[in-house]
Amino acid sequence: MRDVEVLVVGAGLAGLRALYGFRAEGFETLVLEASDEVGGVWNHNRYPGARCDVESYDYSYSFSKELEQEWRWTERYPTQPEILRYINHVADRFALRQDIEFQARVDVARFDEATATWEVEVQDGRRFRCRFLVLCLGQLSAPKLPHYPGQDSFAGETIVSATWPKDRGVDFTGKRVGILGTGSSGMQMTPVIAQTAAHVTVFQRTANYSVPAANAPLDDEEDRQVKANYAARRDLMRNSPTGLGFLPGKTKTLDVPEEEREAVFEKAYHRLGFGFALAYPDILLDEKANDAATEFLKRKIGERVSDPDLRRKLVPDNHRFGTRRPSVDSGYYEAFSRDNVELADIRAHPIVSFTQDGIITDIKHHELDVVIYATGFDALTGSILKPDIRGRGGLRLRDKWAGGPLTHFGIGTSGFPNMLIVGGPGSPSVLSNVMVSIEEQVDWFVAFLCHLRECGVGEVEVTEAAEQEWTAHVQERARETLYMTADSFYNGGELPGKPRVFMPYSGGVRNYRRLLQAAATNGYTGFELRPVPKAVEVAHDH
């Protein structure tokens, strides 16, 4: 069994940042990564058209000024290959790989009360022991798949967008392709695959809102200007509601003339991506304000679809804009004007079964050579609950969270001492630029562990009162918004039987940061700090 001070699970953006931060303060740190490479979701989501919906300059680390200046982004919204190159550059530049164990998928993690340590076992039997267990497993990294009769009988190729084959290319030339799902993955891949496939059928259960990516190459002058003013840009991001590089105005949607509002919407539509939701501060708070934004977007989608019947199917009609995660696309709606692209509305005409050569709905047999599942994730809790994590008294985390996640700040839960979560439920996570939230939390964790080391604390645990108060606060802030008016992965609506509670913190990145800072200033309120167990002290003395 290998002993380390801090054991980080996951070598994606969060795990690498945690490794860098803890190691810089002298903590012996090791990362366990299930894959054979760094990158997390950006190592696995290699589907055609995969691209980030946050601008490249903002979707990057801020811990190194040298890194900021030397890395040259090529596009406003970076593609998956470019993001993965960036992640690999960071891992190499800061010699992070030397402290990563690859192909080490965590099966079991148990807290040993006698020694206040975690014992962790990976699939191949390797075992590790650590003082602090830090989970960096991602919010959207546990794929969910639908279940239909006859799925196993399909003789063609089956691909899951979130685990796209990386050891070989996928050639769609001349093939009949079925894409299940119209979230970000489905919307991004459809126009790309349609360029070479013989035929593409998009199976749509729920029409989604999407805003044009407004992507463009980054020229040298823009690169120079951003890098000359990076500090101010970062400060603006940290003090914004979402961690994006701009603040919403203070004027409410309906407090301006219709002509002015239309101009603001038009400008946001062509530049801000999913930040369109911040064109006015009350779009996600007030029904009438949201109606104005929703009607604008329905009109814009309609303008991109020429066929009246298709337009009716592609324009969302069962939820408000922003209450489900909106997408950012590059030619999704326009793809349906191609002769080789077809929409199958499976809400109106459900899938009956799979066959050896396709999918049958209640009105048609769609003959297919390839089926792609772009059906999303068991969000926020799915990846955390995959391992068998057992805390004090053998309590299983999946049992404790059976009615919904209970956390303090989204970073810890009572009954599980010395366990910290980056981007967990109860933190801004998917409602923010995740890079800003990752760095905020990791820096806070590092300072916290430094404080514990200085004070001789061996065990730290969230109090039940703190997690109850914070969880109630998360729900209270959500009720101030329109988020609970629709089923979404924000509130457990993406999976049958999943607890219907709102999981991310909707109070904003700025407010969250202030609350974290206040907790630290007041002696890390909400955490019980305990000395090193006597059994451990005696062992060390001998």
Side-chain angles (χ1 to χ4, degrees), residues 9-10 41 106 109 135-147 162 181 183 205-206 208 284 318-320 322-325 375-416 419-432 434 437 441 461-507 512 526:
V9 184
V41 295
V106 172
L135 303 180
C136 298
L137 293 166
Q139 302 85 30
L140 301 173
S141 56
K144 65 178 177 70
L145 299 177
H147 298 285
R205 185 188 63 181
T206 303
N208 197 14
L284 294 174
N318 69 344
H319 66 285
R320 297 173 176 275
T323 55
R324 296 166 63 94
R325 174 77 177 215
T375 46
F377 301 89
D378 181 356
L380 288 150
T381 56
S383 58
I384 298 173
L385 297 180
K386 263 190 174 181
D388 183 9
I389 300 176
R390 303 190 179 212
R392 190 179 300 284
L395 175 64
R396 294 170 57 154
L397 184 61
R398 65 185 64 153
D399 292 336
K400 175 170 182 178
W401 285 7
L406 296 165
T407 70
H408 181 41
F409 291 132
I411 62 180
T413 186
S414 69
F416 294 79
M419 186 179 83
L420 300 170
I421 307 169
V422 179
S427 71
S429 58
V430 292
L431 294 181
S432 69
V434 71
S437 292
Q441 286 188 319
E461 183 178 350
V462 168
T463 67
E464 289 188 12
E467 72 178 8
Q468 291 290 341
E469 182 180 348
W470 181 255
T471 301
H473 177 62
V474 170
Q475 301 309 307
E476 179 185 6
R477 292 308 302 258
R479 286 192 293 271
E480 296 171 358
T481 73
L482 300 173
Y483 283 123
M484 292 300 286
T485 64
D487 288 337
S488 72
F489 69 69
Y490 297 147
N491 56 37
E494 82 278 21
L495 274 176
K498 192 169 182 178
R500 190 73 153 72
V501 296
F502 196 77
M503 291 182 285
Y505 177 62
S506 59
Y512 181 78

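Note that the numbering runs from 1 along the sequence shown for the chain.
Shortest non-hydrogen contact noted between L495 and K144 is CD2-CD, 3.7 Å. Closest of all the heavy-atom pairs between A142 and K386 is CB-CE, 4.2 Å. Nearest heavy atom pair, residue P504 against residue L380, reads CD-CD1, 3.9 Å. The two residues A486 and N491 have their closest heavy-atom pair at O-ND2, 2.8 Å. When all heavy atoms of P499 and A402 are compared, the closest pair comes out as CG-O, 3.2 Å. Taking each heavy atom of I384 and I389 in turn, the nearest pair found is O-CD1, 3.6 Å.
Side chain of R398 to backbone of P387: a donor-acceptor contact under 3.5 angstrom is found. Put simply, the side chain of K498 gets close to the backbone of A379: a donor and an acceptor are under 3.5 Å apart. At distances below 3.5 Å, not a single donor-acceptor pair connects side-chain atoms of R205 with backbone N or O atoms of G181. Using modelled atom types, no side-chain atom of E494 and backbone atom of D378 make a donor-acceptor pair closer than 3.5 Å. A distance-only check finds no donor-acceptor pair linking the side chain of R324 to the backbone of T206 [under 3.5 Å]. Put simply, the side chain of Y512 gets close to the backbone of F409: a donor and an acceptor are under 3.5 Å apart. Checking side-chain atoms of T471 against main-chain N and O of L406 turns up no donor-acceptor pair under 3.5 Å. For Q475 (side chain) and V501 (main-chain N/O), no donor-acceptor pair under 3.5 Å exists by modelled atom type.
Using a 4.0 Å cut-off between charged side-chain N and carboxylate O, R477 and E480 make a salt bridge.
For T481 and S506, the side-chain atoms include no donor-acceptor pair closer than 3.5 Å. For the residue pair E467 and S414, a side-chain donor N or O sits within less than 3.5 Å of a side-chain acceptor on the partner.
One distance of note links CZ of R396 with CG of D388; it measures 5.0 Å at 0.5 Å rounding. Rounding to the nearest 0.5 angstrom, the gap separating the CZ atom in R320 from the CG atom in L284 is 11.0 Å. Put simply, CG on L137 and CG on L140 are 12.5 Å apart, with the number rounded to the nearest 0.5 Å. One finds the OG1 atom of T407 at 11.5 Å from the CE atom of M503 (value rounded to the nearest 0.5 Å). Atom CG of N208 and atom CZ of R325 lie 10.5 Å apart (nearest 0.5 Å). For the atom pair CZ of F489 and CG of D487, the computed distance is 13.0 Å after rounding to the nearest 0.5 Å.
Using a 4.5 Å heavy-atom cutoff, the side chains of Q441 and I421 are not in contact. By the 4.5 Å heavy-atom criterion applied to side chains, R392 and E461 are counted as neighbours. Within the 4.5 Å cutoff, no side-chain heavy atoms of V462 are placed close to those of T413.
The environment of CD in E469 is sparse: at most 12 heavy-atom neighbours from other residues, nucleotides or ligands sit within 6.0 Å. Enclosure of atom CD in E476 by more than 12 non-hydrogen atoms of other residues, nucleotides or ligands within 6.0 angstrom is indicated.
The aromatic rings of H408 and W470 sit perpendicular to each other, their planes meeting at more than 60°, with 30° as the lower class boundary. Between Y505 and H473, the ring planes are tilted. Angles from 30° to 60° get that label.
In this structure, Y490 has no side chain to side chain donor-acceptor pair (under 3.5 Å) partners at least two apart in sequence or on a different chain.
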